[in-house]
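Order of the sequence lines fixes the chain letters, A, B, ..., with proteins taken first and strands second; residue numbering starts at 1 for each chain.
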Number of protein chains: 2
Amino acid sequence: MDPSQQRLATKVARLYHVRGLRQAEIAARLDLSQSRVSRLLSLAEDAGLVRTVVVVPPGLHSDLEDALEVGYGLSEVHVVDVVADDDDELVRDLGQAAAAVLTGSPVRARSLGYTSWSRTLRHCVDAMVPQSSSADVVVEVLGDLGAPALQHAAAQSTERLAQLLGAEPLYLRAPGVVSDPALRDVLLAQDGHARRALAAADDLDVVLVGVGPPDVAPPLGGDNFFSAEQFASARSLGAVGQVCLHFVDESGELVDTPLDDLVIGITPAQLRRTPRRLGVAGGAGKAPAIRAALVGGWINVLVTDTGTAQLLAAAAPRH
Amino acid sequence: MDPSQQRLATKVARLYHVRGLRQAEIAARLDLSQSRVSRLLSLAEDAGLVRTVVVVPPGLHSDLEDALEVGYGLSEVHVVDVVADDDDELVRDLGQAAAAVLTGSPVRARSLGYTSWSRTLRHCVDAMVPQSSSADVVVEVLGDLGAPALQHAAAQSTERLAQLLGAEPLYLRAPGVVSDPALRDVLLAQDGHARRALAAADDLDVVLVGVGPPDVAPPLGGDNFFSAEQFASARSLGAVGQVCLHFVDESGELVDTPLDDLVIGITPAQLRRTPRRLGVAGGAGKAPAIRAALVGGWINVLVTDTGTAQLLAAAAPRH
DNA sequence: CGGAGCGGTGAATCAATATTCACCAACCGG
DNA sequence: CCGGTTGGTGAATATTGATTCACCGCTCCG
């Protein structure tokens with residue numbers, strides 16, 4: 001955009017949003033028409049010159065949050081009210097709310113792991129505002145899942161997150177799930193970037209983990225993902241959820257399956273080693289999986305919606 | 001406020017600001033009247049649930065900023081367009097803009113020095129949004145100046161800043177200027193808090209310094225401040241500005257006057273020792289003082305307005 | 001028990017903002 | 001040099017949002 005235009009837009013935006021002047025007043029003062037002021041304002045909005053954040057009022061759900069913190073021994077819980085008719089909206093709102101949570105208490109990590117295939121997390125990143133130099137590196141901790149289009153989205157999201165935090169992205173541009181363990185080794189042997197990303201996962205300060213039920217996720221049909229049969233076999237071994245594609249049972253224990261060796265991504269041990277494990281997830285369908293992840297200690301910071309929080313609180317191991 | 005009301009307000013605010021729904025749509029969806037939605041929105045606004053920040057587009061004034069960075073050897077310069085008819089407005093706008101700058105690249109300091117008697121800085125703090133745990137302590141680096149009412153404002157501002165950053169405030173509730181050096185020692189001997197604050201000034205990561213002309217500032221009439229005669233004597237010794245009440249001459253050198261011993265506040269040596277010295281100042285009247293502070297290296301991060309920036313760039317020692 | 005007073009509400013209305021539309025200027029390609 | 005096209009503008013207007021106002025349900029005394 002024309003810089004002088006942008007300057008004017010900033011000026012107008014400040015007068016409008018910070019000083020609280022009417023558009024007509026601004027128009028008069030700067031000798032413009034009101035319509036121009038209106039247009040400049042939407043311009044400023046589009047250009048990201050104006051950031052509007054709806055903060056999550058702290059302690060509004062202190063009852064639920066406390067119940068979950070105590071019940072599952074978590075270090076931090078944020079419960080947000082979301083208004084959603086369907087799952088898609090829920091995921092979107094939850095992501096945005098999580099972004100607000102993160103904005104409130106900045107990430108502050110040298111090294112941040114990110115699971116860019118999670119819809120919720122991608123929405124979260126989309127809704128984030130820049131926090132320069134909050135992290136040094138952003139590491140993708142799971143390979144690509146689903147169709148190529150999704151891979152683009154994931155890569156872009158990682159890039160955006162890195163940029164927002166003023167960090168270097170470390171991509172893991174390899175399939176998240178391979179058909180054969182040997183293939184995995186071959187791929188890794190060839191791909192230095194991927195090896196570097198996986199090595200970086202050894203030493204993360206924070207990781208944004210994806211959690212889900214042990215089943216085929218709708219947008220991840222077919223490619224680069226476990227098949228319905230594979231999921232079924234994991235379920236038959238007791239899996240009720242998966243954390244970064246590692247299966248856990250009802251008591252949070254890892255379910256040992258041959259499928260583990262097909263995943264290119266962070267290992268359970270690496271995950272455990274990370275001090276701050278942030279999960280953003282909600283929706284009735286995900287509740288058992290989230291519960292398992294919490295019980296097993298795979299997540300110690302949780303952002304979820306009111307409904308799921310209630311389900312989780314009711315099913316907490318300690319009261 | 002009623003928590004359920006606040007919850008509703010947050011919900012509405014998210015739908016409105018994040019999702020971009022019309023008030024009427026929200027009303028329909030939540031089964032409220034449009035007027036209630038409107039009211040809830042202003043409620044959310046008042047309660048600080050909605051934060052609107054107009055960011056300073058980076059590099060919009062890169063020409064001027066570069067000129068100043070190179071010309072004075074500064075580590076960072078932000079030039080903002082302010083629309084102001086009088087000095088009061090300028091100060092307000094500049095403060096708000098500086099807040100936006102700080103929001104963009106968070107403070108990130110264990111220990112932060114703050115000069116709460118500077119109008120510009122107070123406005124800056126007023127316009128800041130919370131950034132939890134960005135600092136551990138906020139230290140007042142200059143005693144009280146002016147009338148008691150102003151002292152309250154200063155103390156409140158310090159408290160607010162500390163709260164915004166999740167830090168502990170260290171107050172310096174002593175006169176900023178005393179009539180006799182001996183009195184200063186007596187006061188300090190009695191006041192442990194003050195001694196602690198001054199000691200903390202030894203080890204600051206960042207300091208927000210106040211800069212001004214060597215003259216009586218209008219709102220600081222009379223009490224706890226240098227008199228017109230004292231300023232005149234400093235000027236006769238070559239002072240063209242003052243940084244935290246220490247006089248500097250045209251070449252940025254400290255002007256040695258007996259007045260130095262009358263100040264209760266950070267010493268020039270302590271100031272020098274602080275790695276990041278942030279000055280927020282503007283206005284034609286202040287330009288020579290700012291220039292002196294820059295030349296002398298008393299400030300290495302500057303936030304100023306376009307007009308002042310141009311004056312400063314024209315008078316830069318290196319081009 | 002009654003009624004004054006308060007806080008909160010929605011319908012209607014007024015004010016503010018977004019959008020449309022006609023117009024103009026600058027910039028091509030004939 | 002002249003249509004034609006594009007992009008940007010303000011006046012007028014449509015749309016959206018804030019405010020008024022009359023009303024309701026409470027509570028708190030008398």
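Between Arg92(B) and Asp126(B) there is no salt bridge, since no side-chain N of the basic residue sits under 4.0 Å from a carboxylate O of the acidic one.
Between Leu32(A) atom CG and dG8(D) atom C1' the separation is 13 Å, expressed in whole Å. The CG-P distance, from Leu41(A) to dA16(C), rounds to 15 Å in whole Å. Rounding to whole angstrom units, CG of residue Leu40(B) and P of dG17(D) are separated by 14 Å. The separation between Leu43(B) atom CG and dA18(D) atom P is 13 Å, rounded to whole Å.
Distance from the side chain of Ser35(A) is smallest for dA11(D) among the nucleotides dA11(D), dT17(C), dG10(C). Between dG10(C), dA18(C), dA18(D), one nucleotide has an atom nearer to the side chain of Gln23(A) than all others, and that is dA18(C).
Along DNA chain C, the nucleotide nearest to Arg22(A) and the one nearest to Arg22(B) differ in position, and the one closer to the 5' end is contacted by Arg22(A). Nearest-nucleotide assignment on DNA chain D puts the 5′-proximal partner with Arg36(A), out of Arg36(A) and Ala24(B).
No side-chain donor-acceptor contact under 3.5 Å links Thr120(A) to the backbone of Val91(A).
Taking every heavy atom of both residues into account, Gln6(B) and Thr10(B) meet most closely at O-OG1, 2.6 Å. Smallest separation of non-hydrogen atoms from Tyr72(A) and Leu312(A): OH-O, 2.7 Å.
Between the side chain of Gln34(A) and the base of dA16(C), no donor-acceptor pair of N or O atoms lies under 3.5 Å. For dG17(D), the base has no donor-acceptor partner in the side chain of Arg39(B) [N/O atoms by modelled type, under 3.5 angstrom].
In terms of phosphate contacts, Ser38(B) brings a side-chain nitrogen or oxygen within less than 4.0 Å of OP1 or OP2 of dA18(D).
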